[in-house]
Amino acid sequence: MKILKEDEKTEEQESKEISSSLEQSCFKKDWLSQPSQQISHFICLVCREIASNPMELHCPDHEHLDESLIVGEKCLKEFFKANSNSCPIEPHDNCQYYQNRALQRQIAELIVMCPRQFQQQQQQHSSTSYETEDNEGEREVQTPEMVMCDFKGKIKDLKLHLDNECPLKQCDCWFKPFGCDHTCLEQNLKDHLISDMQFHFDLVNTKFKSLNRAIQVYQ
């Protein structure tokens with residue numbers, strides 16, 4: 001399987017601009033904060049989303065096609081794995097492609113909202129709101145107060161946001177090494193530590209008893 005080079009190695013650093021925080025999956029069109037952005041030439045042929053680390057197919061079998069044949073790197077690898085290395089356009093071997101760094105740089109500049117905020121909005125729309133009656137007997141719909149993320153930035157800044165800045169990032173309990181598998185928003189961690197104090201104490205106590213037994217065995 002032949003891989004063609006489009007640019008010089010001096011541009012290797014620029015090829016890493018696209019966020020890897022989502023395991024290099026393609027980016028959802030629904031994340032775009034500016035729907036007017038032109039993305040038709042960024043679309044992955046496999047998943048129909050915005051290609052992440054775009055690969056351009058360059059097989060001689062498809063030279064008659066006018067449009068660019070773009071596939072996200074992860075989608076292309078998964079397609080090869082599921083289809084015995086056959087080309088995604090037409091069934092044939094020796095699929096040829098190269099990393100389109102120029103296109104990658106354009107995709108990196110697209111403005112998107114926070115994926116976690118998008119997911120939260122989707123869950124909020126699908127969840128059932130509860131109703132209460134006001135003093136006049138009129139029914140009104142209320143939803144629980146939620147933490148919001150107002151990030152709107154470039155795709156190339158998405159990894160930094162998700163890893164370090166997003167208020168919707170889930171964090172592990174401090175007592176995870178002892179067996180607590182609770183995760184929550186960072187701002188809610190203190191409440192968990194306080195409310196489950198006895199549970200955490202028991203986990204630590206059990207861990208130390210187990211270590212003491214192991215030490216006694218080897219003495």
Side-chain angles (χ1 to χ4, degrees), residues 12-13 15-28 30-31 44 46-47 49-53 55 72-85 108 112-130 132 142-219:
E12 183 176 356
Q13 185 64 36
S15 72
K16 299 179 180 179
E17 285 183 342
I18 299 297
S19 169
S20 61
S21 61
L22 304 177
E23 298 181 348
Q24 288 297 335
S25 297
C26 292
F27 307 103
K28 292 185 179 297
D30 291 337
W31 295 349
C44 171
V46 174
C47 71
E49 299 289 359
I50 301 172
S52 174
N53 197 16
M55 300 293 171
E73 181 181 25
K74 184 178 180 182
C75 284
L76 185 59
K77 289 180 178 179
E78 291 179 348
F79 188 91
F80 284 156
K81 184 177 180 180
N83 295 275
S84 303
N85 291 327
V112 296
M113 67 183 299
C114 174
R116 294 190 182 116
Q117 178 62 36
F118 173 78
Q119 182 181 30
Q120 177 172 275
Q121 289 176 354
Q122 293 298 104
Q123 293 173 343
Q124 187 177 10
H125 290 323
S126 61
S127 64
T128 303
S129 301
Y130 60 89
T132 62
Q142 295 184 348
T143 55
E145 183 177 352
M146 291 185 177
V147 176
M148 306 290 285
C149 178
D150 59 1
F151 172 84
K152 285 184 176 58
K154 297 179 180 180
I155 281 180
K156 66 180 180 181
D157 298 325
L158 196 53
K159 176 176 172 56
L160 174 64
H161 167 73
L162 293 174
D163 290 349
N164 302 306
E165 302 168 352
C166 181
L168 298 176
K169 179 182 178 182
Q170 297 284 318
C171 64
D172 294 326
C173 173
W174 292 352
F175 291 87
K176 182 177 181 179
F178 297 94
C180 182
D181 58 1
H182 181 81
T183 61
C184 62
L185 297 179
E186 186 174 0
Q187 69 175 35
N188 296 332
L189 182 57
K190 182 178 179 181
D191 291 338
H192 165 69
L193 294 174
I194 294 175
S195 62
D196 285 7
M197 187 179 299
Q198 183 61 47
F199 172 65
H200 294 146
F201 175 80
D202 292 340
L203 287 177
V204 174
N205 191 38
T206 300
K207 186 71 171 182
F208 278 114
K209 285 182 178 179
S210 177
L211 289 173
N212 285 332
R213 287 195 295 268
I215 292 172
Q216 291 173 7
V217 169
Y218 287 99
Q219 285 180 344

Compile the donor-acceptor pairs under 3.5 Å between side chains in residues 190-197 and protein atoms, sequence neighbours left out, one pair per line.
from   : atom 1 : to     : atom 2 : distance (Å)
His192 : ND1    : Asp196 : OD2    : 3.4
His192 : NE2    : His200 : NE2    : 3.3
Ser195 : OG     : Asp191 : O      : 2.9
Ser195 : OG     : His192 : O      : 3.3

Got a list of side-chain donor-acceptor pairs under 3.5 Å for residues 169-182, not counting sequence neighbours?
from   : atom 1 : to     : atom 2 : distance (Å)
Lys169 : NZ     : Asp163 : O      : 2.6
Gln170 : OE1    : Cys184 : N      : 3.2
Asp172 : OD2    : Lys176 : NZ     : 3.2

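Every residue was checked against the salt bridge (Lys or Arg N to Asp or Glu O under 4.0 Å) condition with Lys152, not counting sequence neighbours, and none meets it. With sequence neighbours excluded, no residue satisfies salt bridge (Lys or Arg N to Asp or Glu O under 4.0 Å) with Lys207. Residues forming a side-chain contact (heavy atoms from CB on, under 4.5 Å) with Gln120 (at least two apart in sequence, or on another chain): Gln117, Met146, Met148, Leu168. Judged as a salt bridge (Lys or Arg N to Asp or Glu O under 4.0 Å), and not counting sequence neighbours, the contacts of Lys154 are Glu109.
Here the CG atom belonging to Asp157 is positioned 6.0 Å from the CZ atom belonging to Phe151, to the nearest 0.5 angstrom. Taken to the nearest 0.5 Å, the NZ atom of Lys209 stands 9.0 Å off from the CG atom of Asp202. Atom-to-atom distance recorded for Leu203:CG and Gln198:CD is 10.0 Å, nearest 0.5 angstrom. One finds the CG atom of Asn53 at 9.5 Å from the SG atom of Cys26 (value rounded to the nearest 0.5 Å).
For the pair Asp150 and Cys114, the minimum side-chain heavy-atom distance is 4.5 Å or more. Inter-residue side-chain proximity for Val112 and Phe27 is flagged as unmet; no heavy-atom pair is nearer than 4.5 Å. Here the side chains of Glu49 and Cys44 are not in contact, with every heavy-atom distance at 4.5 Å or above.
Listed here is the closest heavy atom pair of Leu158 and Pro115: CD1-CD, 3.6 Å.
Checking side-chain atoms of Ser210 against main-chain N and O of Thr206 turns up no donor-acceptor pair under 3.5 Å. Between the side chain of Asn205 and the backbone N or O of Phe201 there is no donor-acceptor pair closer than 3.5 Å.
When the shell of 6.0 Å around CD of Gln121 is examined, it contains more than 12 heavy atoms from other residues, nucleotides or ligands.
Of the candidates Glu165, Met113, His161, Cys149 forms a side-chain contact (heavy atoms from CB on, under 4.5 Å) with just one, namely His161.
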